[in-house]
Amino acid sequence: MEAILPDLKGKKLIVWLRRDLRLRDNAAIAAAVETGAEIICLYVLEEHAKLRGLGGASLWWLDKSLKSLRSDVSSRGGKLICRKGDPGAVVMDLVKEIDAAGVYWGRRYGRAERDIDGHLKETLANDGLCAESFTTALLTEPWTIKTSSGGYYKVFTPYWRAVKTCYEAPAPFPAPEKLGGQGIDGDRIEDWGLHPTDPDWSSGFDDKWTPGEDGAVARLQRFLDNGLREYKSARNRPDLEDGTSGLSPHLAFGEISPAQIWRSVTSKINHGFKQDDSAWTFLSEVVWREFSYVLLYHNPEMTRKNYNDRFDSMPWRPNASRLERWQKGQTGYPIVDAGMRQLWTTGWMHNRVRMIVASLLTKHLLTPWQDGEAWFWDTLVDADPASNACGWQWTAGSGADASPYFRVFNPITQGQKFDETGEYVRKWCPELAGLPDKHLHAPWEADQETLEKAGVTLGETYPKPIIDHSEGRQRALEAWDTLKKQEPA
Ligand SMILES: Cc1cc2nc3c(=O)[nH]c(=O)nc-3n(C[C@H](O)[C@H](O)[C@H](O)COP(=O)(O)OP(=O)(O)OC[C@H]3O[C@@H](n4cnc5c(N)ncnc54)[C@H](O)[C@@H]3O)c2cc1C
């Protein structure tokens, strides 16, 4: 426990849940239980000029996740109170309405969120009420692990080494046995209209996802049973169902804690799991998420601004119709189009393919990374302020520890290497399914007879490439050269 907890028996205490929509292993809830107070779980659909609204796919997820949480709370005798509005005002209104002794919550790390929470803490303290915050979304707070010179890590590998050496997961926080809140008014989640309607593009989401805490725990178990062993080699294969864990949306909404994952995986390692290399590789990916939060915490502007400000003078060439072709999966590069369609249909895209599509957009098409980030924000069920900004800036070359700008992914060889059998492209671009493997990732190189046999007419049934690969690569390198020329001597 991080704070000295007061005795609040006979009183009411609010736990404001945000991106930690779970009852198990939730430090804020466990601490609230320790006080002896009646616990009221609150969720606020925040309306605040400085907060970035959730994207459509995230709202789809939130709808289901809250319904699942509502049922978990009610199975413990309580009621999840859902309200909408300015977060500080909504919380303070509820505090007054039920005469609560205070509010506990799990920390968040964006600038606007920290300002809102800091202000609320002050208001509560001024009223003589308790306000405590806890680590619920990360393994460690972004300010705790420092370099030998006392700064924060800007390079992943030494950060990962430091976490691996010094992090020890605390014992799991017990889930509450009993919760309160009956008789308090709240909104019906159904009335918030979070499920998309215009259009409802979410029908493919149901097949893939089970939002909520039970769904998260089940997905972790499935991955431990089926995916962890081969993770190191399979994690780059978009065609495999269990090549990666699929835990990202559950983590993004805090339906499972990274500590729960850490404990489960290290326990396997400690019990002689033979493929410990794979297990550590998996944990290192979980720590990429932590690293993104370290960067976001210390550079709150990086969701919109270049981490490396040399990129401020990048000669981007924004172009609405090219952006739209990319968004719709109509670039003429099969691996890119497969990824963009997977994203639209399922709300998720494989990490390898995210890098390929982001590279095509920011390098071949010289589109500002912010345009791609915004599309991902709207369409990913795992849209996360830290990981999304870092992923885009890493690929674009403007981020910390970024992929060098001159490393332009080749969408043809990337497809051939990571979707060797073509299963992924055939699934998401069925109009190409009849092409032989040899031509699947570069249909324009097939001769007329092969195309005809496969029922492919370039420019009609499937687009011609949006830009020639060599030309796109050359343009990107020339743009990069203009930045190099501005480099101080
Ligand atoms: C352009 C771009 C945008 C991205 N946007 C997001 C985003 O909005 N939200 C998001 O969660 N991830 C994002 N990522 C990172 C990564 O693609 C996803 O976390 C991963 O694909 C999720 O699938 P998984 O859960 O099966 O991952 P696994 O391989 O099973 O990894 C386990 C967990 O580790 C974390 N993780 C893995 N890779 C990364 C990474 N590169 N960076 C940060 N965390 C990672 C995730 O929480 C993931 O659930 C982005 C990557 C790129 C290149």
Side-chain angles (χ1 to χ4, degrees), residues 19 52 54-55 57-58 61 137-139 156 159-160 163 208-209 216 219-220 222-224 226-228 230-238 240-258 260-262 264-265 278-296 303 326 336 339-340 342-343 346-363 367 369-403 409 414:
R19 288 242 179 187
R52 185 178 194 184
L54 294 181
S58 292
W61 191 283
L138 298 177
L139 296 173
F156 176 72
Y159 178 73
W160 159 236
V163 173
K208 188 167 169 71
W209 304 111
R219 187 166 274 273
L220 173 62
R222 171 174 144 174
F223 177 68
L224 294 175
N226 305 326
L228 186 62
E230 305 296 333
Y231 181 78
K232 196 170 177 194
S233 53
R235 59 180 285 268
N236 274 311
R237 295 265 313 270
L240 299 177
E241 189 58 33
D242 285 316
T244 66
S245 70
L247 280 165
S248 52
H250 298 289
L251 276 164
F253 284 87
E255 297 166 351
I256 193 163
S257 70
Q260 282 171 284
I261 297 174
W262 188 277
S264 307
V265 175
S278 256
W280 283 117
T281 305
F282 174 64
L283 288 179
S284 78
E285 293 303 321
V286 174
V287 171
W288 261 107
R289 175 174 175 271
E290 300 276 317
F291 181 59
S292 305
Y293 272 97
V294 170
L295 296 175
L296 176 72
T303 51
W326 176 83
V336 173
M340 298 309 292
Q342 179 184 32
L343 173 62
T346 68
W348 184 88
M349 192 197 297
H350 187 277
N351 181 59
R352 167 61 47 183
V353 191
R354 292 188 202 202
M355 293 191 283
I356 300 169
V357 306
S359 175
L360 187 99
L361 189 72
T362 55
K363 296 188 176 170
T367 304
W369 61 263
Q370 289 90 339
D371 289 351
E373 195 271 353
W375 181 252
F376 270 30
W377 182 260
D378 198 23
T379 53
L380 275 173
V381 285
D382 65 23
D384 176 278
S387 302
N388 201 27
C390 286
W392 275 96
Q393 296 228 39
W394 184 90
T395 317
S398 62
D401 194 13
S403 151
F409 277 72
Q414 287 281 312

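Just so you know, ligand 1 is whichever comes first in the structure, and atom 1 is the first atom listed for that ligand.
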- Applying a strict 4.0 Å limit to heavy atoms, is Phe223 in contact with ligand 1? no
- Shortest protein heavy-atom distance from atom 42 (N) of ligand 1, along with the residue and atom involved: Trp288 CB, 3.8 Å
- Say whether Asp384, considering both its backbone and side-chain N or O atoms, lies within less than 3.5 Å of an N or O atom on ligand 1. yes
- Message: Using modelled atom types and a 3.5 Å cut-off, is there a donor and acceptor pairing between side-chain atoms of Trp262 and backbone atoms of Leu283?
- Response: no
- Query: Between Gly246 and ligand 1, does any nitrogen or oxygen pair lie at a separation below 3.5 Å?
  - Reply: yes
- Message: Considering non-hydrogen atoms of the protein only, which is the closest contact for atom 13 (C) of ligand 1, and what is the distance?
- Response: Arg354 NH1, 3.2 Å
- Item | Trp160 ring center within less than 6.0 Å of Phe291 ring center | no
- Looking at ligand 1, does Met355 have a heavy atom less than 4.0 Å from it? yes
- Item | Distance filter under 4.0 Å to Ala383 heavy atoms, resulting ligand 1 atoms | 8 (O)
- Query: Counting heavy atoms only, which of Leu361, Val286, Asn236 comes nearest to atom 33 (C) of ligand 1?
  - Reply: Val286
- Message: For atom 36 (N) of ligand 1, what's the nearest protein heavy-atom neighbour? Residue, atom name and distance, please.
- Response: Glu285 O, 3.2 Å
- Message: With heavy-atom distances below 4.0 Å as the criterion, list the atoms of ligand 1 near Leu247.
- Response: 25 (O), 49 (O)
- Query: Centre of Phe253's six-membered ring, under 6.0 Å away, within 45 degrees of the axis: is that where NZ or CZ of Arg19 sits?
  - Reply: yes
- Straight-line distance of Asp382 CG to Trp61 CH2, nearest 0.5 Å: 8.5 Å
- Do any nitrogen or oxygen atoms of Trp392 lie less than 3.5 angstrom from nitrogen or oxygen atoms of ligand 1? no
- Message: Check for me whether Trp377 has a heavy atom closer than 4.0 Å to any atom of ligand 1.
- Response: no
- Task: Could you list which atoms of ligand 1 come closer than 4.0 Å to a heavy atom of Leu251?
- Result: 47 (O), 49 (O)
- Count the heavy atoms of every other residue, nucleotide or ligand shown that sit under 6.0 Å from NZ of Lys232, and state whether that count exceeds 12. no
- Asp382 heavy atoms, cut-off 4.0 Å: which ligand 1 atoms fall inside? 7 (C), 8 (O), 9 (N), 10 (C), 11 (O)
- For ligand 1, the portion of Trp348 having any non-hydrogen atom under 4.0 Å away: side chain
- So which bit of Thr244 gets within less than 4.0 Å of ligand 1, heavy atoms only: side chain, backbone, both or neither? both
- Item | Heavy atom of the protein closest to atom 30 (O) of ligand 1 (residue, atom name, distance) | Ser245 OG, 2.6 Å
- Query: Judged by atom type as modelled, is there a donor-acceptor pair below 3.5 Å linking the side chain of Glu290 to the main-chain atoms of Leu139?
  - Reply: yes
- Task: Using a strict cut-off of 4.0 Å, indicate which atoms of ligand 1 neighbour a heavy atom of Asn351.
- Result: 15 (C), 16 (C), 17 (O), 21 (O), 41 (N), 51 (C)
- What protein heavy atom sits nearest atom 5 (N) of ligand 1, and how far away is it? Asn388 OD1, 3.1 Å
- Task: Give a yes or no on whether the backbone of Glu373 and the side-chain of Asn388 come within a donor-acceptor separation of less than 3.5 Å.
- Result: yes
- Heavy-atom contacts under 4.0 Å between Phe282 and ligand 1: side chain, backbone, both, or neither? side chain
- Could you tell me whether Leu380 and ligand 1 have an N or O pair separated by under 3.5 Å? no
- Item | Under 3.5 Å: donor-acceptor pair, side chain of His250, backbone of Arg219 | no
- Query: Touching ligand 1 at all, Ala252? Heavy atoms, strictly under 4.0 Å?
  - Reply: no
- Note on the structure: For Arg289, the atoms of ligand 1 under 4.0 Å from one of its heavy atoms are 43 (C), 44 (N), 47 (O)
- Answer yes or no for Tyr231: is there a heavy-atom contact with ligand 1 below 4.0 Å? yes
- Task: Kindly say whether Leu54 contributes a backbone atom to a donor-acceptor pair with the side chain of Ser58 at under 3.5 angstrom?
- Result: no
- Among protein heavy atoms, which lies nearest atom 12 (N) of ligand 1, and at what distance? Ser387 CB, 3.5 Å
- Value for CH2 (Trp348) from OG (Ser248), rounded to nearest 0.5 Å, stands at 6.5 Å
- Task: Report yes if some heavy atom in the side chain of Pro385 is under 4.5 Å from a heavy atom in the side chain of Arg52; otherwise report no.
- Result: no
- Query: Quick check: does any side chain N or O of Ser387 sit under 3.5 Å from a backbone N or O of Asp384, one acting as donor and the other as acceptor?
  - Reply: no
- Message: Please find the pair of heavy atoms, one from Tyr231 and one from Ser278, that lie closest to each other, and give the distance.
- Response: N-OG, 3.3 Å
- Message: For Lys363 versus Thr395, what's the shortest heavy-atom pair and its separation?
- Response: NZ-O, 3.1 Å
- Item | atom 19 (O) of ligand 1: nearest protein contact (heavy atom, Å) | Ser248 CB, 4.1 Å
- Query: Just by distance, do the side chain of Ser284 and the backbone of Thr281 share a donor-acceptor pair under 3.5 Å?
  - Reply: yes
